[in-house]
Engineer: 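The structure's right below; bear with me while I get my questions together.
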Protein chains: 2
Amino acid sequence: MTVSRRATGPGRARGRGVPDATVARLPLYLRILRALAEQGTSTVSSEELAAAAGVKSAKLRKDLSYLGSYGTRGVGYDVAYLVYQVSRELGLTQDWPIVIVGIGNLGHALANYGGFASRGFRVAALFDADPRRVGELVEDHEVLPMGELAPVVGELGAAIGVIATPAGAAQGVCDRLVAAGVRSILNFAPAVLAVPDGVAVRKVDLSIELQILAFHEQRNAVPGPVPDGAGSGPGELVQTGRRSRA
Amino acid sequence: MTVSRRATGPGRARGRGVPDATVARLPLYLRILRALAEQGTSTVSSEELAAAAGVKSAKLRKDLSYLGSYGTRGVGYDVAYLVYQVSRELGLTQDWPIVIVGIGNLGHALANYGGFASRGFRVAALFDADPRRVGELVEDHEVLPMGELAPVVGELGAAIGVIATPAGAAQGVCDRLVAAGVRSILNFAPAVLAVPDGVAVRKVDLSIELQILAFHEQRNAVPGPVPDGAGSGPGELVQTGRRSRA
DNA sequence: CGTTGTGAACGTCTTCACAGCA
DNA sequence: TGCTGTGAAGACGTTCACAACG
């Protein structure tokens, strides 16, 4: 499914073709590796790194093995080297200008979010359809009218767009982003977007997340103590039980 | 993994034990069903509903089959009835008071987010550690100091907590929420949380979402036109290609 | 000796294809 | 006839267990 090249014959190819599930975990590993680097740790074992990420060590080793053989047996992984390799695999060695459409409460929060810049993402332009919001200054950026979207996206070479509009406006905004050349979209609007082949969409739906938790609560409220163990991964329903500090 | 009861012997049990992947899609189906109901549609086929959700019809039918046999062969599903059944399965027939900790940009946006109320979630209290924010009025709620967390959570009977603090504060806030009786946590802080067994955590990491899109961009930039088809589901890397309107 | 890297087993999720029913 | 519900097959992801190796 999706987008990664499942390559060369059986058993997944040499180097190319990182599984989706692995790609979804790499940013987490990267965050932890960076924290380790900052605190001066130069080497880390799969056991330690896995514990910090909340996954099993075998999973972590298999994930990293798709990128190459970057560890040293009997020793572990060199933190700085691994940071570089993971960053490169994710395409974070370059700068990604992003545009945000819909500068309401959420759009504001996203425009101000500090976590982007440190990962190679630069909020390059903000757009809103509401004339009353156009011209407003948000974090060094003037909110632009929708008419400016195509020319500005083209000029910036922005490949990633964020939709933070109401649901009703999302598809129209999506179409305009795609027409302007955006090929990756992060959608916060509670709407299913239709896009042409070759355009990637990821969605974040806050209400859906809560509903999944409600399911957990309801199921747990009925029978008594929780009967299961922990699990991990991006597709998992919920994470439960992580005894000690990460 | 996780939390749902995988029950009664082989082949998954009668009625009980909805797979995680299915649970994660139910809120999406529910949203579409509600929209259909509002526009007066009384019956829908698996094909139509699946198209609107961006999944294959067989997947949708299998998903719904875990809840019971609520369709009519040769006809389809009764929209209103299905809305009720899905809501019940998700535990949305009751009201869920939620508390939000960390009323910065994101916390503000969450407190104001309209999508919660319509799904049975009620923002019941807001907390912040910063004395300058305490007392502030956000959407009918006065921001409370952290000292109030335990008593207020207990009084409200809040089972779901949202963490929107900086990463460094997340684990401490999490511990206090758990101590106060919260059993489900939605974490927006970029931190891996350690929780005791029986507490469910779901995380939303905005920066991770962008990094996954960056991976897609980088991979696509190299070889040329996108070589794959579409896919769907909550664990998927990215959704690509959804030709027509949903 | 300790830790990585990985083949093989296992479990889960998706898709196919069609039997079964209204 | 048309659509649902589902067994079976296949794809994917995780875990185990150990060979390979610094």
Side-chain angles (χ1 to χ4, degrees), chain A residues 1-4 6-7 9-15 17-25 43-51 53-78 81-82 85 228-237, chain B residues 1-4 6-7 9-15 17-25 43-51 53-78 81-82 85 228-237:
Chain A
M1 65 192 65
T2 71
V3 119
S4 48
R6 290 297 158 66
R12 202 122 39 197
R14 279 247 52 70
V18 181
D20 291 351
T22 294
V23 171
R25 282 186 294 267
T43 289
V44 68
S45 72
S46 65
E47 205 66 57
E48 293 162 337
L49 191 46
V55 303
K56 299 218 168 183
S57 64
K59 197 192 231 176
L60 181 126
R61 287 200 300 278
K62 188 147 276 221
D63 282 343
L64 294 183
S65 79
Y66 291 118
L67 314 192
S69 280
Y70 299 139
T72 307
R73 294 170 198 237
V75 178
Y77 300 90
D78 182 89
Y81 187 51
L82 204 48
Q85 291 298 346
D228 77 281
S232 237
E236 83 189 324
L237 220 215
Chain B
M1 67 192 60
T2 72
V3 118
S4 47
R6 291 299 158 65
R12 201 119 43 195
R14 280 246 53 71
V18 181
D20 291 351
T22 295
V23 171
R25 281 186 294 266
T43 290
V44 68
S45 72
S46 65
E47 204 67 56
E48 293 163 335
L49 191 46
V55 302
K56 298 217 168 184
S57 63
K59 197 193 235 178
L60 181 127
R61 286 199 301 278
K62 186 145 278 207
D63 281 343
L64 294 183
S65 78
Y66 291 119
L67 313 192
S69 279
Y70 298 138
T72 307
R73 295 172 198 234
V75 178
Y77 300 91
D78 183 272
Y81 187 50
L82 204 47
Q85 290 298 345
D228 77 281
S232 237
E236 84 189 322
L237 220 215

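What you see is a predicted model; the values in this text were computed from it and never measured. Letters go in sequence order (proteins before strands), and every chain restarts at 1.
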Engineer: Check the distance between dT4(C)'s P and Leu60(A)'s CG and give it to me in whole angstrom.
Structural biologist: 9 Å

Engineer: With sequence neighbours excluded, tell me which residues meet side-chain contact (heavy atoms from CB on, under 4.5 Å) with Tyr70(A).
Structural biologist: Leu67(A), Tyr81(A), Leu82(A), Gln85(A), Arg88(A)

Engineer: Once you build an axis from the first five pairs and another from the last five of the helix from dC1(C)-dG22(D) to dA22(C)-dT1(D), how far apart in angle are they, to 10 degrees?
Structural biologist: 10°

Engineer: Can you check whether Lys59(A) has a side-chain N or O nearer than 4.0 Å to OP1 or OP2 of dT14(D)?
Structural biologist: yes

Engineer: Can you identify which nucleotide, out of dT4(D), dT4(C), dT15(D), has its nearest atom closest to the Tyr77(A) side chain?
Structural biologist: dT4(C)

Engineer: Less than 4.5 Å apart, any side-chain heavy atom of Glu48(A) and any of Tyr77(A)?
Structural biologist: no

Engineer: Round to a whole Å and report the spacing from NZ of Lys56(A) to C1' of dG13(D).
Structural biologist: 14 Å

Engineer: Round to a whole Å and report the spacing from OH of Tyr66(A) to P of dG5(C).
Structural biologist: 13 Å

Engineer: Quick check for you: among dT14(D), dG5(D), dT14(C), whose closest atom lies nearest to any side-chain atom of Ser65(B)?
Structural biologist: dG5(D)

Engineer: Test: salt bridge (charged side-chain N to carboxylate O under 4.0 Å, His left out). Region: residues 65-76 of chain A. Which pairs qualify, not counting sequence neighbours?
Structural biologist: none

Engineer: Please list, pair by pair, any protein nitrogen or oxygen found under 3.5 Å from a nitrogen or oxygen in nucleotides 17-22 of chain C.
Structural biologist:
{"residue": "dG20(C)", "atom": "N3", "partner": "Arg73(B)", "partner atom": "NH1", "Å": "3.0"}

Engineer: Calculate the interatomic distance between Tyr70(B) atom OH and dG5(D) atom P; express it in whole Å.
Structural biologist: 10 Å

Engineer: Take the protein atom CG of Asp63(B) and the nucleotide atom P of dT12(C), then report the distance between them rounded to whole Å.
Structural biologist: 16 Å

Engineer: Output the rounded distance in Å from CG (Leu49(A)) to P (dG5(C)).
Structural biologist: 12 Å

Engineer: List in chain and number order the residues that pass side-chain contact (heavy atoms from CB on, under 4.5 Å) with Thr43(B), two or more places apart in sequence or in another chain; answer none if no residue qualifies.
Structural biologist: Val75(B)

Engineer: Please report the closest heavy-atom contact between Ala50(A) and Ser57(A), naming both atoms and the distance.
Structural biologist: CB-CA, 3.5 Å

Engineer: To the closest 0.5 Å, what do you measure between CG (Leu60(A)) and OG (Ser45(A))?
Structural biologist: 9.0 Å

Engineer: Taking 4.0 Å as the cut-off, does a side-chain nitrogen or oxygen of Ser45(B) come that near to OP1 or OP2 on dC3(D)?
Structural biologist: no

Engineer: Could you tell me the separation between the CZ atom of Arg61(B) and the NZ atom of Lys56(B), rounded to the nearest 0.5 Å?
Structural biologist: 12.0 Å

Engineer: Expressed as a whole number of angstroms, how long is the span from Leu67(A):CG to dT4(C):C1'?
Structural biologist: 14 Å

Engineer: Just the rounded figure in Å: distance from C1' of dT14(C) to CG of Asp20(A).
Structural biologist: 14 Å

